Amino acid sequence: MNLITESGTMTTTIVANEDKNKVFEICRDCSDGECAEWEEAVLLTLYPTTNEVQRFDLSTMHMVNHLEELGLNKVHFLYLFGRVCSARLSTRGIVVDEENLSYVEQALQKYKNARVIIGWGNSMSKSATAISAKKRILAMMDSREDSRLWQLGGNGLGATDNMHPLFMGIRYGNVKWELKPFEIPEELKATEEAKEPAETPTTGNVVVAKRVGKAKQAEKLRK
């Protein structure tokens, strides 16, 4: 019996404010330093649920488990709201997070070759604040050379509404995931107000935390 050992590493980078109660980006990089343009993506979701590099929330776990079949090696998680929430974010009294949206705008330009995946699902679809933030982010795509948008789908699944990676993992965890084109629904198409840039706030003292760890380790038995 011949044994084959495979191993790999994943680098996790978190960009947060100094108090770490706001997270602007979490990057999961399984590329071992070599990442082609089509293997990098920006995933836009609702809000961060952790500020620790050694922790995986469920959305990240499902996404990382399907990276290979999606053809991705590196994913930048960006958000509608930057405040870290361990439970569901209450929509009562929330306001547009200008600081976070400013970071998203910069990141979309910085990662100019990355595919942009809309993964906020149907959550907060009735919140005027969330709708405004979504419109603002979608309007930012106009300034990118590659303005195409993608969403998560599955092999054999028909046309579906936009899905959050957590919902995809729970409902379609055993399905081969695919990237499918995202068509902006009428209710999220940018108005002139959404296209107008707001005053750009600074992100204050930004802290970047990074950790390199094992992403995968598998043994195969060959008879």
Side-chain angles (χ1 to χ4, degrees), residues 14-28 42-52 55-63 75-111 116-143 149 151-152 161-170 182 184-209:
I14 293 182
V15 181
N17 64 355
E18 199 167 20
D19 295 331
K20 294 181 69 175
N21 58 5
K22 290 189 73 173
V23 167
F24 302 103
E25 176 186 345
I26 299 180
C27 178
R28 308 286 183 177
V42 166
L43 175 64
L44 285 152
T45 60
L46 299 171
Y47 50 85
T49 59
T50 183
N51 56 10
E52 299 294 338
R55 283 192 175 184
F56 262 45
D57 57 22
L58 291 176
S59 297
T60 301
M61 181 191 72
H62 290 301
M63 192 68 189
V75 178
H76 306 272
F77 290 78
L78 302 178
Y79 308 97
L80 289 179
F81 303 95
R83 183 160 60 90
V84 179
C85 297
S86 57
R88 183 185 296 271
L89 175 66
S90 173
T91 59
R92 182 175 299 176
I94 62 170
V95 296
V96 173
D97 190 337
E98 296 292 347
E99 191 176 35
N100 178 70
L101 290 185
S102 175
Y103 187 90
V104 170
E105 186 169 25
Q106 295 170 37
L108 288 174
Q109 296 303 319
K110 181 179 179 180
Y111 310 128
V116 178
I117 305 169
I118 303 301
W120 51 53
N122 293 320
S123 298
M124 304 175 76
S125 60
K126 303 299 183 183
S127 166
T129 302
I131 291 172
S132 176
K134 291 174 182 179
K135 286 183 176 181
R136 293 266 297 277
I137 289 174
L138 292 172
M140 294 172 191
M141 295 296 297
D142 291 342
S143 62
L149 292 168
Q151 64 182 349
L152 298 174
D161 293 330
N162 179 247
M163 288 184 280
H164 190 281
L166 179 56
F167 178 84
M168 275 288 295
I170 294 173
F182 175 80
I184 301 176
E186 287 297 324
E187 64 270 18
L188 292 183
K189 288 186 176 178
T191 59
E192 290 303 315
E193 181 182 358
K195 293 179 181 179
E196 286 293 325
E199 292 185 12
T200 303
T202 61
T203 51
N205 295 323
V206 174
V207 177
V208 179

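Since we're looking at a predicted model, the values are computed, not measured.
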Distance col, row K20:NZ vs E52:CD, nearest 0.5 angstrom, shows 4.0 Å

Sub-4.5 Å side-chain heavy-atom contact between L188 and I131:
yes

Could you give the distance from CD1 (I117) to CZ (F182), rounded to the nearest 0.5 Å?
12.0 Å

N162 side-chain N/O to I118 backbone N/O, donor-acceptor pair under 3.5 Å:
yes

Hey, is the main chain of E99 close enough, under 3.5 Å, to the side chain of S102 for a donor-acceptor pair?
no

Quick one: closest heavy-atom pair of I184 and L138, and the distance?
CG2-CD1, 3.9 Å

Could you state the interatomic distance from CG (L44) to CZ (F77), rounded to the nearest 0.5 Å?
11.0 Å

Work out which heavy atom in L166 is nearest to a heavy atom in S59; give both atom names and the distance.
CB-OG, 3.4 Å

For the atom pair CG (L43) and CD (E25), what is the distance rounded to the nearest 0.5 Å?
11.5 Å

Interatomic distance, L46 atom CG to M124 atom CE [nearest 0.5 angstrom]
6.5 Å

If you compare all heavy atoms of Q109 against all heavy atoms of S143, which two are closest, and at what distance to 0.1 Å?
NE2-OG, 2.9 Å

Would you give the length of the straight line joining atom CD of E105 to atom CZ of R136, rounded to the nearest 0.5 angstrom?
8.5 Å

Output yes when a side-chain donor or acceptor of T129 lies under 3.5 Å from a complementary backbone atom of I94, and no otherwise.
yes

In short, D97 meets K22 closest at the heavy-atom pair OD1-NZ, 2.8 Å

Shortest non-hydrogen contact from F81 to P48?
O-CD, 3.2 Å

I'd like to check V116 versus L149 (side-chain heavy atoms, cut-off strictly below 4.5 Å). Are they in contact?
yes

Under a 4.5 Å cut-off applied to non-hydrogen side-chain atoms, are R83 and Y47 in contact?
no

Is it the case that the side chain of N100 and the backbone of L80 share a donor-acceptor pair, with hydrogens and angles ignored and the cut-off at 3.5 Å?
yes

Taking C-beta and beyond as the side chain, do T60 and R55 meet within less than 4.5 Å on heavy atoms?
no

One pair to check against side-chain contact (heavy atoms from CB on, under 4.5 Å): F56 and T50. What are the steps and the verdict?
CA-CA 8 Å; F56 262 45; T50 183; over 6 Å; no

L78 vs Y103, side-chain contact (heavy atoms from CB on, under 4.5 Å): CA-CA, chis, key distance, verdict
CA-CA 9 Å; L78 302 178; Y103 187 90; 4.0 Å; yes

Counterpart residues, ring-ring contact (aromatic ring centres under 6.0 Å, His included), relative to Y111 (two or more places apart):
H76

